[in-house]
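Okay, so here's the structure we're looking at.
Predicted, not measured: the structure shown is a model, and the values here were computed from it. Labels below follow one simple rule: chain letters A, B, ... track the order of the sequence lines, proteins then strands, and each chain is numbered from 1.
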Amino acid sequence: MRADRVKMPVQDPDVRNTNFCEVALGLDLEHAKMEASRCLDCKNPRCVAACPVTIDIPGFIQHIKEEQIEEAYHTIYQSNILPAICGRVCPQEKQCEGACILGIKSESVSIGALERFVGDYALEQKLQVKEEIEGQEERVAIIGSGPAGIACSASLRRLGYQVDVYEALHEFGGVLKYGIPDFRLPKDIVDKEIQNAKDLGVKFHKNVIVGKSITIEQLLQEMNYKSIFIGSGAGLPKSLGIPGENLTGIYFANEFLTRVNLMKANRFPEAPTPVRIGDNVAIVGGGNVAMDAARTAKRLGAKNVFVLYRRDMTALPARREEVEHAIEEHIDFRLLLNPVEFIGENYVLKQVRCEVMELGEPDESGRRSPVGTNTYKTFDIDSCVISIGQSPNPILKTATEGLETDKRGRIVVNNHQTSIPGVFAGGDVVSGAATVILAMGAGKEAAVEIDKYIRENRG
Amino acid sequence: MYEITYKEILNNDVELMVVNAPFVAKNAKPGNFLIVRVDEFGERIPLTIVKHDETSVTIIYQKLGYSTTLLSQKQAGDSLFDVVGPLGVPTHIRDVKSVLGIAGGVGSAPLYPQLEEYAKRGAAVDLVIGGRTKEHLLLVEDYKKFCRNIYFATDDGSFGHKGFVTQVAEELYQNKQYDLSIAIGPLIMMKNTVLLNKKYNVLTDVSLNPIMIDGTGMCGNCRVTVNGETRFACVDGPDFPAEGIDFDELMVRQNYYKSEEKHICRMKLEPKDES
Ligand SMILES: Cc1cc2nc3c(=O)[nH]c(=O)nc-3n(C[C@H](O)[C@H](O)[C@H](O)COP(=O)(O)OP(=O)(O)OC[C@H]3O[C@@H](n4cnc5c(N)ncnc54)[C@H](O)[C@@H]3O)c2cc1C
Ligand SMILES: Cc1cc2nc3c(=O)[nH]c(=O)nc-3n(C[C@H](O)[C@H](O)[C@H](O)COP(=O)(O)OP(=O)(O)OC[C@H]3O[C@@H](n4cnc5c(N)ncnc54)[C@H](O)[C@@H]3O)c2cc1C
Ligand code: SF4
Ligand code: SF4
Ligand code: FES
């Protein structure tokens, strides 16, 4: 057995940082089999316990080894209907791969790469899992078409319910569409995986903002939905709360990424929505969103893109692979710096002033917390993208009497049920900004509770 | 798809459309707006819901740049790709006895449902309406149904006072008292109206029109500084009491993409030289 993992081929860093094509190119069958043969097929697989949707990981990997890719797909599909997406964006080093037994002595199995291989194969071959769907009369409405909503809708449909998904934007997929860039997750993959849910019979409706276009009460009373699942995500950008934040040239990551991903501003004027960043771009933050913003800015032609982060390199919360790719693409990490003021001229951004930080005692996250040193550095910039987190959008809360939320705006649930009977919730709107697979897991579990609720309330 | 059931050309620059959009019409209130994408690749453009019934909405738009020109190429019977709403908070109707509406150009469209609501609630409503020429004075016949007095101003003097709406309002203030003034039009006009109204101790409400994308509070593009605090016009507005608004900052934000907007119009709208 090889000790080290099979490396996935990637586009050359100096080529890819000028295009929006996918960075990681995927494994071919031969290499997938090679990597699969590293798995020990553990009796008590630690990897499975660390996967939020408990995919039978050794099971699907053994199928790859035997070149039974269709069977591998069926195995994954039992737990995860979006393998081509999760294989690409899960923080594997913190989940399945982080727990893999091989990782103790050498390198863990590339579970994500193998899952992606199977997912891509299924999309290429248009594999479909044939299922008998036993028809039920009852209707369920899903609010939001992100990973939580998609997973919940598919699970409910497989239980036989009539499922309608209502989405505020003009495309489906949530953050998968407007947040995560093409070079990490090509949008046609998202569309194809959503097509699977459509093929099951889930109906998707765009341009409907629940709480505005229609209320939860109207859905229940007038449109005869027996139950509702809220998967509206965490779409509200957090601000730094420092002077000058509304100067022209300062973006929240959501705006910047939406312009490029959803509105295709990188193809302006072919696409009519523009985006402008200039030569020197500062990105504030250190998570996946910040990495995506930085690498997008580079691809739009910025000469210098630097990440301002208040802790050190070891504390960056982004997926490890993204940080490595960002470094290869010449993103400049300026660490232990905390922006305190934006300085402009005639309302146009010119500079950002940062306090130099040092690391103090560990905080509740276990990481050493940044402490100000009362010394400052100022940088000349043309634009800045603030990427320091998101919280749930208050539209639904405001429009829905009796919907309980905590002080950070997250919906409070008990066994996935909200304070309103029959109304369930899951994903980022409950957990705060988290991950794709956690949102999917929550959507799936909520579907089980919704099924129970509807059965119990049948007259 | 959202079918255009009726279209009317109001003048060289401004047109009216009635669009079938049940999910937008159902809960629409005065002050709400919607977002349109004309075609599959379209920009998202915000427009006020001027009127609505159970299933359709009326919009009035000025052909300013690329997307509104594209919109104007659609005819009754055609469809729009996306229409979403109702967005924004409905107008906060104050408990006042007399209101002066001040409309600049196409601002008379968003002002219409608000003034109508005040009139319905029994307030005495007057209107100053301005435009570049006589043809640019919009909805006058509709306003006549509930306005006590209507005063006119045109840039070229082709109808009413030659000059700005603020000059007409200032004259009115010499011998009339209003509890509230609602000003909607270009940012510079709203800014100047607030300055004038402060002088005469008249409260001012305005409806802001920053650049928007989603219209749901997600992107932050539409932010404005009001009394030193950041507000999102799409979810906290678009109507605000005007006294604390930083209009200068907003004007710069609105012009950020001016060169790109000009560029796309030149590229895609101007007739190509065939030779
Ligand atoms: C830039 C970026 C990069 C990321 N990278 C990763 C990554 O690499 N790996 C990873 O695991 N996670 C990543 N995440 C996090 C991950 O995308 C989210 O945790 C996940 O998408 C949450 O899923 P969700 O279904 O709860 O919500 P969302 O994906 O946010 O979907 C919610 C949907 O609901 C819609 N909606 C909201 N309100 C309403 C309403 N009132 N009516 C109708 N529809 C409504 C929204 O428009 C949206 O489409 C990233 C996030 C961002 C922003
Ligand atoms: C809440 C709201 C309600 C609105 N209601 C109406 C309405 O009822 N009727 C109407 O005609 N217009 C309305 N507008 C303005 C309308 O959205 C813009 O005119 C339109 O987006 C311009 O698009 P364009 O591509 O044709 O022009 P662009 O080429 O994008 O712009 C041309 C010019 O308009 C300016 N501009 C760009 N975006 C906006 C904007 N959002 N608002 C104002 N000016 C802008 C630019 O700086 C430029 O000078 C409203 C805007 C908002 C935010
Ligand atoms: S879904 Fe995510 S955590 Fe689970 S096996 Fe796949 S990559 Fe690992
Ligand atoms: S822990 Fe590692 S070696 Fe064991 S089954 Fe999982 S992937 Fe295979
Ligand atoms: S338009 Fe995006 S937050 Fe207001």
Taking the side chain from A:Ser213 and the backbone from B:Val24, do they hold a donor-acceptor pair closer than 3.5 Å?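 Not confirmed, A:Ser213 side chain does not pair with B:Val24 backbone.
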
In Å, rounded to the nearest 0.5 Å, how long is the span from CD1 of A:Ile209 to CG of B:Leu87?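 Here the rounded value is 4.5 Å.
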
What's the spacing between B:Arg231 CZ and A:Asn246 CG if we round to 0.5 Å?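 Here the rounded value is 12.0 Å.
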
Taking the side chain as every heavy atom from C-beta outward, state whether [X] and [Y] have any atom pair closer than 4.5 Å.
| X | Y | value |
| --- | --- | --- |
| A:Lys206 | B:Asp82 | yes |
| B:Arg253 | A:Tyr347 | no |
| A:Glu255 | B:Cys222 | no |

Can you tell me if A:Asn207 and B:Tyr2 form a side-chain donor-acceptor pair at under 3.5 Å?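 Side-chain D/A pair, A:Asn207 to B:Tyr2: present.
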
Mind telling me whether A:Phe268 and B:His263 have parallel, tilted or perpendicular rings, with 30° and 60° as the class edges?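 B:His263 and A:Phe268: tilted rings.
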
Could you go step by step and tell me if B:Phe41 and A:Lys264 meet the side-chain contact (heavy atoms from CB on, under 4.5 Å) rule? CA-CA 9 Å; B:Phe41 309 100; A:Lys264 309 276 175 264; over 6 Å; no

Is A:Tyr178 in contact with chain B via its backbone, its side chain, both, or neither, using a 4.5 Å heavy-atom distance?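 Only the side chain of A:Tyr178 comes within 4.5 Å of chain B.
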
Which bit of A:Gln218 is near chain B, if near means a heavy-atom gap under 4.5 Å: side chain, backbone, both or neither?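 Side chain of A:Gln218 only, per the 4.5 Å heavy-atom cut-off to chain B.
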
Should the pair B:Arg223 and A:Phe252 be classed as cation-pi, given the thresholds of under 6.0 Å to the six-membered ring centre and 45° from the axis?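 Relative to the ring axis of A:Phe252, which defines the angle, B:Arg223 lies inside both limits.
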
